[in-house]
Every structure is written in C-alpha cells, then in structure tokens.
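Order of the sequence lines fixes the chain letters, A, B, ..., with proteins taken first and strands second; residue numbering starts at 1 for each chain. All values below were derived from every heavy atom in this structure, side-chain atoms included, with hydrogens, water molecules and symmetry-related copies excluded. These numbers were taken from a predicted model, which means no experiment stands behind them.
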Number of protein chains: 2
Amino acid sequence: MYEMPKSKSDVAGDVFCAKCPARYLITKLSSKWSLLIIDALKDGPMRNGELMRFIDGISQKMLTQTIKELAEMKLVHREDHQTIPPHVVYSLTPLGEGLQEKICSLDRWIEENVIAMVEDNNSIPLKLI
Amino acid sequence: MYEMPKSKSDVAGDVFCAKCPARYLITKLSSKWSLLIIDALKDGPMRNGELMRFIDGISQKMLTQTIKELAEMKLVHREDHQTIPPHVVYSLTPLGEGLQEKICSLDRWIEENVIAMVEDNNSIPLKLI
DNA sequence: GCAAGTACGCACCTTTTGGTAACTATGAAA
DNA sequence: TTTCATAGTTACCAAAAGGTGCGTACTTGC
C-alpha cells in the first residue's frame, strides 16, 4: 500500500506515477458516478432525492458512498440541517467548481461526439434517449 | 441490457440518461487506464512496451484490453506491422485527439490541485513521487 | 390512520475488475 | 547456445464494485 511522507510539501503531482497521490485521486475520480455527480451539481446545490432523479440509474447506496468520497476530496460540500426527517443539501466547493469545468467539458464532448464513436460499430450498444 | 434503435439518426447524447450510448461511453472511458493511455499518447505514437514503461503500474492484460476498447471507440489507431516478433504502434485518431485535450486538461488540473485535495485529510494516502 | 418521502447505515449477494503465471513464435544479441 | 524482447492470449483467482432489501425516526398529505 501507500506510505506517508514526512511533510505535506513533499507532495507533488504525476498521474503516471503509481504511488503519487495524483494517481490515487484519478483512480477515485474515474468512476462514472463521480463524474456524473459533479456534472449534475454544476447549476447549483441539490438534495439527495433530486440527484437520484437527475442521475438516471444511480442507486441510493452509490450516491451516498460517492458523495462521501467527493466530500473527503473537498470537491463537494455536505450541508446537513440536522433535522428529522433529514434535510441535506450538496453543493460544489470552490475546488469542486474548478474540477467541474473540466468534467463538464469532457461530458459535453462525449455527448457531441457519441455518433462518431459508435457508428459502424456493432460492439457498442445503442438506444434511444 | 441495451436495445438497438431502428436507425443511427435516433442516436443523441445525454450522459444522465442510463440507456443513452453517451452513458455507455462515459462508463467505458471512466477508468484510470483509459484516461492514462489517452494522456500518454498525446505526444505521438507509442509501442506496447513504451506504454507499459510510461504508465507505471499497468499490467499487460489491462493495457491490451483497454487499448482494444479505445480502438473500438475509434479513439486509438492500432497499426500492426504483422511481423514476428510483433511490432505494433498505437496512436490517437483525429477523434481521439479531440478527447485527449479534454482528458489532459482534467489530468493536469488534478496534478495541480492534488495538494489542496489531500491536505488535512488522513483518509487519502500520500507518497513521494 | 396509513402510506410516502427523507437520507441514510447495514448485511447479503452477484458481477466486474484486474493481477499473476504460463504459453506463443521468432530475431537479435551475449 | 542460451537468453531476452516483442505483443499478445488464456485460465485461474482475489478483490472491489455495486445492486437489493431491510430498518430508522419523523413529517406531511390523502
């Protein structure tokens, strides 16, 4: 597994290096649910139920789990009103906003180029949206 | 699973829709190996062994498998010289070049912001690069 | 008064991911 | 002559991802 460095200043970024924290982060972020949650939060704060309905196909378990990881990475802010029934609001942190621009750019590119990627290709499943 | 539409013109992109091909593609692309291979090919064609050495930690199996998927998505071109011993060269297609810009932008952002994401966080493993 | 919504945690189970080792055929270098 | 590099494939196995169903404690609408 990983080892802790002596000080934080020893940390630097290289995704191609297996032991770099940057690689750890790219491993965490390279999940469809992480990408979709950050994309979904681009227009402002959302609650759990809203995200569930917006991100078609995500389960409650994966939403909770992924949001927790994104919060640990300081990309998403979790605001719990501490009421019963629960009222929790999720939003992007300033750091998350920066990442969101990159991820949205990637997602929009995929949506725009999906036809070129799947045409004449029987191994990629197609379906009406 | 998925169903085939009547014609290709029915295809459109929405990553938030579970049955959209765009979701299928984002699912395939959201793996660390896909992201790293496309990033690695940004400076020109590379051979199998070069990629193995450049992308620290990837196994032969995952490299072969991921490249195959990227080729099916028309993002990577596989040029096999049909010799023994084998000589195969991989490069980005014009489509892959477009995606590479987005992915490199994401990877560089992660490398630049890795410190902000991991500081004061004991759940994220750190290591000297 | 009963059901639904809220945002989870937990246990169980299946599917997918991904590592390792063995094997391929050949040329080139030691 | 023996070893290595090349770019794979295959089988086997362990680990991780991820779905489903249950329970929670309360409020609001029907």
Side-chain angles (χ1 to χ4, degrees), chain A residues 1-2 15-16 18-19 23-37 40-41 45-73 76-91 123-125, chain B residues 1-2 18-19 23-37 40-41 45-73 76-91 123-125:
Chain A
M1 196 46 185
Y2 296 80
V15 293
F16 292 109
K19 299 203 166 191
R23 172 70 76 88
Y24 174 86
L25 292 174
I26 214 175
T27 301
K28 283 282 152 199
L29 287 173
S30 61
S31 88
K32 65 179 166 195
W33 302 131
S34 292
L35 299 181
L36 292 173
I37 289 170
L41 290 173
M46 290 180 89
R47 296 183 60 178
N48 178 81
E50 292 180 274
L51 283 166
M52 285 282 288
R53 273 169 258 124
F54 194 76
I55 304 172
D56 184 23
I58 196 169
S59 68
Q60 178 62 65
K61 178 185 166 184
M62 288 313 297
L63 179 56
T64 305
Q65 185 179 307
T66 309
I67 286 249
K68 197 174 180 181
E69 290 173 359
L70 294 175
E72 282 173 358
M73 287 187 259
V76 166
H77 178 240
R78 183 178 183 278
E79 183 189 344
D80 191 341
H81 289 207
Q82 297 288 354
T83 57
I84 291 176
H87 184 93
V88 183
V89 178
Y90 300 108
S91 55
S123 71
I124 296 180
Chain B
M1 195 45 184
Y2 295 79
K19 301 204 164 191
R23 173 70 76 88
Y24 174 86
L25 292 174
I26 214 174
T27 302
K28 282 282 151 199
L29 287 173
S30 61
S31 90
K32 66 179 166 195
W33 302 131
S34 293
L35 299 180
L36 292 174
I37 289 169
L41 290 173
M46 291 180 90
R47 296 182 59 178
N48 179 80
E50 291 179 274
L51 284 166
M52 285 282 289
R53 272 169 261 124
F54 193 75
I55 304 171
D56 184 23
I58 197 170
S59 68
Q60 177 63 65
K61 179 184 163 183
M62 288 314 296
L63 179 56
T64 305
Q65 186 178 306
T66 309
I67 285 249
K68 199 172 178 180
E69 290 173 359
L70 294 175
E72 281 173 358
M73 288 186 259
V76 167
H77 178 241
R78 184 179 184 277
E79 182 188 345
D80 190 342
H81 289 206
Q82 298 287 352
T83 56
I84 292 176
H87 184 93
V88 182
V89 178
Y90 298 107
S91 56
S123 70
I124 296 181

Taking only N/O atoms, report every protein-nucleotides 24-30 of chain D pair under 3.5 Å with atom names and distance.
none

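- Using a 4.0 Å heavy-atom cutoff across all strands shown, B:Q65 reaches no nucleic acid atom at all.
- C:dT16 atom C1' lies 12 Å from atom CD of B:E69, rounded to whole Å.
- Between B:M62 atom CE and D:dA14 atom P there is a gap of 19 Å when expressed in whole angstrom units.
- Contact between the side-chain N/O atoms of B:R53 and the OP1/OP2 oxygens of D:dA5 is not found at any separation under 4.0 Å.
- The separation between A:E79 atom CD and C:dA7 atom P is 12 Å, rounded to whole Å.
- Closest heavy-atom contact between B:S34 and B:L29: CB-O, 3.6 Å.
- A distance-only check finds a donor-acceptor pair linking the side chain of B:T27 to the backbone of B:R23 [under 3.5 Å].
- Comparing D:dG19, C:dA7, C:dG18 by their closest approach to the side chain of A:S59 singles out D:dG19.
- B:N48 has its CG atom 11 Å from the C1' atom of D:dA5, to the nearest Å.
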Next on the checklist: Under the criterion side chain to side chain contact (heavy atoms under 4.5 Å, CB included), I'd like the reasoning laid out for B:N48 against B:M52: C-alpha separation, chi angles, the key distance, then a yes or no.
Outcome noted: CA-CA 6 Å; B:N48 179 80; B:M52 285 282 289; 4.1 Å; yes
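- Distances were taken from every side-chain heavy atom of B:W33 (C-beta onward) to each of D:dT6, C:dG19, D:dG19; the shortest belongs to C:dG19.
- At the phosphate of D:dT6, neither OP1 nor OP2 sits under 4.0 Å from any side-chain N or O atom of B:R47.
- Residues A:L70 and A:I37 form a side-chain contact, since some pair of their non-hydrogen atoms from C-beta on lies under 4.5 Å apart.
- The side chain of A:V88 lies closest to C:dA7 when the candidates are D:dG18, D:dT9, C:dA7.
- The structure places OG1 of B:T66 at 10.0 Å from CG of B:L36, a figure rounded to the nearest 0.5 Å.
- Look at CE on B:M52: it is 12 Å from P on D:dA5, rounded to the nearest Å.
- A distance of 8.5 Å separates CD in B:Q65 from NZ in B:K68, rounded to the nearest 0.5 Å.
- Here C:dA7 presents its P atom at 10 Å from NE2 of A:H81, a figure rounded to the nearest Å.
- Looking only at side-chain heavy atoms (C-beta outward), A:I67 and A:L51 come within less than 4.5 Å of each other.
- Whole-Å rounding puts the A:L51 CG to C:dT6 P distance at 12 Å.
- Comparing A:K61 and A:T64 by the nucleotide of DNA chain C that holds the closest heavy atom to each, the one mapping nearer the 5' end is A:T64.
- A straight line from CE of A:M46 to C1' of C:dA7 spans 15 Å, rounded to a whole angstrom.
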